[in-house]
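For reference, the structure discussed in these notes is given below.
Note that the structure is predicted; figures quoted are calculated from it, not measured. Note on naming: letters A, B, ... go to the chains in the order of the sequence lines (proteins, then strands), and numbering restarts at 1 for each one.
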Amino acid sequence: MTIKQTPLAASHIQANAKMVDFGGWEMPLHYGSQIEEHHAVRQDAGMFDVSHMTIVDVSGEGVDEFLKRLLANNIDRLKSKGKALYTCMLNEQGGVLDDLIVYNLEPEKYRIVFNAATRDKVMDWIHRHKKGFYVSINERDDLTMLAVQGPNARAKVEAALPAAVSTLITDLAPFHSVEVENMFIARTGYTGEDGYELMLPTNKITELWDALAHSGVRPIGLGARDTLRLEAGMNLYGADMNETVNPLESGLGWTISWEPAERNFIGRVALEKKRKDKNRNKLVGLVLETKGVLRNHQKVMLDGQVIGEITSGSFSPTMGLAIALARVPRSVSGMCQVELRGKPVVARIVTPPFVRNGKICVELDHKIKSTTGAEEL
Amino acid sequence: MNNIPSHLKYTDSHEWSELLDDGTVRIGITDHAQGLLGDMVFIELPEVGREVAAAEDCAVVESVKAASDIYSPVSGEIIEINTELEENPELVNQSANQDGWLFLVRPQDISELDKLMDANAYSELLAADE
């Protein structure tokens with residue numbers, strides 16, 4: 001497979017990025033310190049090259065019916081122009097093919113944004129299931145996506161854009177978007193902070209990147225992107241869910257639109273059955289209040305028995321300790337053990353998110369001596 | 001670029017050793033190793049007074065990316081540890097060869113240092129790995 005470069009590749013190299021292969025794309029892992037980048041987003045503003053994400057416009061007379069069949073959440077919730085909706089796309093077994101955001105662009109026209117690594121699979125799925133619906137599918141490879149996140153992100157983006165554009169976005173509500181002068185700007189993100197996701201013609205991206213850098217917005221790599229989204233309790237496709245697990249067991253039950261009962265979205269029958277299953281699993285948060293770092297695939301145990309697995313584990317720079325998402329039986333709560341480097345250690349089960357808008361949202365039993373952030377606990 | 005001072009000795013597991021004037025040996029991880037591991041978050045150091053053998057694992061450095069065992073390059077007694085790292089593990093990233101040192105050993109046999117790589121040999125090892 002050839003490694004694809006984003007339109008910002010030269011900017012990353014110039015900013016001393018350590019580049020890695022991510023789903024077939026050469027992407028920045030960090031620009032020196034991923035922990036400093038993490039703090040920059042929680043405390044100020046950071047920008048993420050997310051041009052590897054897939055942008056597809058779906059339109060036509062039959063598009064509403066098509067998306068009601070294709071997506072587990074209901075686009076009827078997108079009443080106003082510009083509104084955004086987070087949803088899963090399921091297979092017939094209720095397994096998650098991908099998670100995505102769908103934006104209402106105009107009547108009978110939607111934009112969906114999904115993961116880079118699932119691109120071929122999802123496009124194939126969409127084309128296979130559009131039969132019988134009057135829709136056209138338009139992959140927007142002409143657009144490039146940039147996320148700018150943090151408490152000062154919106155002000156800095158607005159200062160970097162032409163005044164005519166800034167005035168249109170300054171009152172944008174969360175999870176809403178606006179299209180103006182070839183630019184699509186949404187108040188969405190993947191960090192638990194306020195900010196924008198911008199899609200613009202590829203030949204305009206470097207200019208915006210440079211303007212934001214000039215106003216003090218730090219470039220943020222995939223390393224910090226992962227710890228930010230984990231603190232925010234946001235799932236990562238391929239780690240926290242995949243085709244073999246359903247949204248109910250992935251902390252995403254809230255994204256399923258059960259009403260109206262007659263809306264027959266793909267995967268509904270399997271999900272209805274799972275919904276009645278009292279023994280199903282759930283996705284929970286874990287906090288490790290001792291030293292050590294929780295990692296993906298570590299075993300979760302109760303009374304010496306393996307009951308589940310960590311789906312995403314890392315160090316939380318904001319909390320100064322390790323956190324994780326883990327899949328365990330629905331009945332489990334309180335304390336559990338995690339096998340850490342061959343030894344069982346105690347972890348506490350919590351409800352994500354761990355951090356939102358710069359604030360820690362889970363209660364901690366006691367202080368832990370560690371790196372930055374501990375004094376704020 | 002990696003910082004590989006010529007007055008240090010190196011192991012193929014990426015520790016450095018520095019023979020001090022008083023005959024003790026200071027040990028840390030190389031600049032190359034910290035770069036590979038990324039931001040450090042926890043450093044677990046041996047107890048002062050512990051006897052270690054050459055190539056025995058006696059510390060753990062844990063970064064955002066991975067946990068890594070640290071092997072003492074020489075045999076001897078641990079006589080001091082870098083307590084600064086408890087609060088500031090990022091010192092290992094910022095100054096792997098100096099302020100980010102891990103522990104100090106009183107060596108049993110100073111000639112063990114002769115078996116380690118010099119800066120040239122370590123540079124060649126890194127070049128061969130690339």
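Residue B:E84 qualifies as open at atom CD: its count of foreign heavy atoms under 6.0 Å is 12 or below. By the neighbour-count criterion of 12 heavy atoms within 6.0 Å, atom CZ of B:R50 is densely surrounded, having more than that number from other residues, nucleotides or ligands. Within 6.0 Å of CD in B:E44 there are 12 or fewer heavy atoms belonging to other residues, nucleotides or ligands. For B:E56, the CD atom is densely surrounded, since the number of other residues' heavy atoms within 6.0 Å is greater than 12. For B:E51, the CD atom counts as densely surrounded, since its 6.0 Å shell holds more than 12 non-hydrogen atoms of other residues, nucleotides or ligands.
For the pair A:K291 and B:E86, the salt-bridge criterion is met [side-chain N within less than 4.0 Å of a carboxylate O]. With salt bridges taken as basic N to acidic carboxylate O contacts below 4.0 Å, one links B:E62 and A:R295.
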**Request:** Take A:V293 and B:K65 through the side-chain contact (heavy atoms from CB on, under 4.5 Å) test and state the conclusion after the steps.
**Result:** CA-CA 9 Å; A:V293 180; B:K65 200 163 130 190; over 6 Å; no

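Among all heavy-atom pairs drawn from A:I35 and B:D39, the shortest one is N-OD2, 2.9 Å.
The CZ atom of B:F42 sits 6.5 Å away from the CG atom of A:L321 when rounded to the nearest 0.5 Å.
Side-chain contact between B:V64 and A:H30 is absent, with no heavy-atom pair separated by less than 4.5 Å.
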